[in-house]
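Below is one structure, written out as structure tokens; comments come after it.
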Amino acid sequence: MRIIVGITGASGSIYGYTLIRALHEMGIEIHLIATEMGVKVMQFECGVDIKDLKQYAIVHHNQNLFASVASGSFKTDGMVIVPCSMNSLGAIANGVGDALLSRAASVVMKERRNLVIVPREAPFHLIHLKNMTTLAETGVSILPASPGFYHRPTEIWELVNFMVGRIMDELGLEHELMERWGEKK
């Protein structure tokens with residue numbers, strides 16, 4: 001299996017970092033694209049440098065439109081953008097493909113592969129909502145970073161794992177990252 005993961009400059013890069021590690025542990029080939037601000041926010045919030053992720057993923061520079069993931073002939077099983085800034089979401093919703101992240105998302109959409117976008121910003125204004133609607137109407141999964149609390153989390157990693165588990169559900173991947181409603185681990 002081969003998944004593209006995008007990390008943008010919205011707060012919440014711990015979700016992307018945790019997803020990459022979980023997919024890596026499952027033996028999934030990961031292609032990572034981080035925006036310039038995504039790299040900076042991940043360093044600031046998590047203390048993780050983009051170079052540290054090379055042990056888990058094939059890292060592509062966001063300006064490299066010659067990267068494999070820029071072409072529909074490069075088969076993938078889907079893409080997740082987590083966290084997704086409203087800037088990146090707007091570019092994708094409006095067909096702007098001038099950077100690798102938005103180009104790869106466009107390719108995933110045109111090839112009818114699974115695209116999961118995890119917006120982390122709040123509140124949303126009307127343009128944000130219209131862009132999300134545009135993407136949802138094309139079959140994109142919009143999964144806001146809104147963890148549940150019914151499993152009574154006491155530590156931040158439980159909230160993060162809840163969201164990463166929901167992302168993996170959208171990709172059709174079996175996991176044990178979270179407690180499901182009505183089930184006990």
Side-chain angles (χ1 to χ4, degrees), residues 1-26 28-65 67-70 74 76-93 96-109 113-122 128 131-132 135 140-147 156-157 159-171 173 177:
M1 192 165 203
R2 182 185 284 162
I3 300 290
I4 304 166
V5 176
I7 296 178
T8 73
S11 182
S13 52
I14 192 169
Y15 293 122
Y17 177 64
T18 303
L19 175 65
I20 289 166
R21 291 185 57 162
L23 293 173
H24 175 75
E25 287 178 17
M26 296 174 73
I28 294 171
E29 180 181 318
I30 306 153
H31 289 260
L32 172 63
I33 308 163
T35 65
E36 183 179 341
M37 283 306 298
V39 170
K40 290 178 181 179
V41 171
M42 187 170 39
Q43 178 68 47
F44 178 78
E45 289 184 348
C46 303
V48 175
D49 188 275
I50 193 74
K51 294 178 206 130
D52 299 333
L53 296 178
K54 289 183 177 180
Q55 64 184 308
Y56 306 114
I58 298 162
V59 178
H60 300 279
H61 192 278
N62 194 34
Q63 296 309 311
N64 182 10
L65 293 175
S68 55
V69 295
F74 185 76
T76 66
D77 295 289
M79 180 176 185
V80 178
I81 304 174
V82 55
C84 188
S85 68
M86 289 300 116
N87 183 55
S88 295
L89 189 142
I92 295 163
V96 178
D98 62 347
L100 184 58
L101 180 86
S102 56
R103 171 64 187 159
S106 181
V107 166
V108 167
M109 291 167 57
R113 298 175 186 147
N114 199 3
L115 176 58
V116 180
I117 291 184
V118 185
R120 218 294 312 143
E121 297 180 30
H128 296 154
N131 285 335
M132 285 187 250
L135 290 171
V140 173
S141 296
I142 308 293
L143 182 67
S146 304
I156 193 168
W157 66 265
L159 296 171
V160 171
N161 280 355
F162 181 93
M163 283 309 307
V164 171
R166 295 301 307 235
I167 293 166
M168 292 176 83
D169 286 349
E170 288 296 305
L171 294 171
L173 299 171
L177 288 174

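Quick caveat, the model's predicted, so the values are computed rather than measured.
Counting only distance, with no hydrogens or angles, the side chain of N131 and the backbone of H128 share no donor-acceptor pair below 3.5 Å. N62 places a side-chain N or O within 3.5 Å of a backbone atom of L101 that can act as its donor or acceptor partner.
Residues that satisfy the side-chain hydrogen bond (donor to acceptor under 3.5 Å, both in side chains) test with S106, not counting sequence neighbours, are absent from this structure. Scanning for side-chain hydrogen bond (donor to acceptor under 3.5 Å, both in side chains) contacts around S85 gives S88, with sequence neighbours left out. F74 pairs by the ring-ring contact (aromatic ring centres under 6.0 Å, His included) definition with H31, not counting sequence neighbours. Here E170 pairs with S141 under the side-chain hydrogen bond (donor to acceptor under 3.5 Å, both in side chains) rule; sequence neighbours left out. With sequence neighbours left out, D169 forms a side-chain hydrogen bond (donor to acceptor under 3.5 Å, both in side chains) with H175, R180.
We find the CG-CD1 distance between L89 and I117 to be 5.0 Å, quoted to the nearest 0.5 Å. Rounded to the nearest 0.5 angstrom, R2 CZ and M79 CE are separated by 14.5 Å. Remark: K54 NZ to D49 CG distance equals 9.0 Å, nearest 0.5 Å.
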Evaluation steps, side-chain contact (heavy atoms from CB on, under 4.5 Å), between M109 and L135: CA-CA 9 Å; M109 291 167 57; L135 290 171; 3.9 Å; yes
When you look at I142 and V140, which way does the side-chain contact (heavy atoms from CB on, under 4.5 Å) test go after all the steps? CA-CA 6 Å; I142 308 293; V140 173; 4.0 Å; yes
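For E29, the CD atom counts as densely surrounded, since its 6.0 Å shell holds more than 12 non-hydrogen atoms of other residues, nucleotides or ligands.
Shown are V116, L32, D77; of these, the side chain to side chain contact (heavy atoms under 4.5 Å, CB included) with I3 is made only by D77. Paired with L19 under the rule side chain to side chain contact (heavy atoms under 4.5 Å, CB included), one option of I7, I30, V118, I167 passes, and it is I167. The only option from N114, I81, L115 that meets the side chain to side chain contact (heavy atoms under 4.5 Å, CB included) definition with V108 turns out to be L115.
The side-chain hydrogen bond (donor to acceptor under 3.5 Å, both in side chains) analysis of residues 6-25, with sequence neighbours excluded, yields the pairs S11-E45, S13-E45, Y17-R21.
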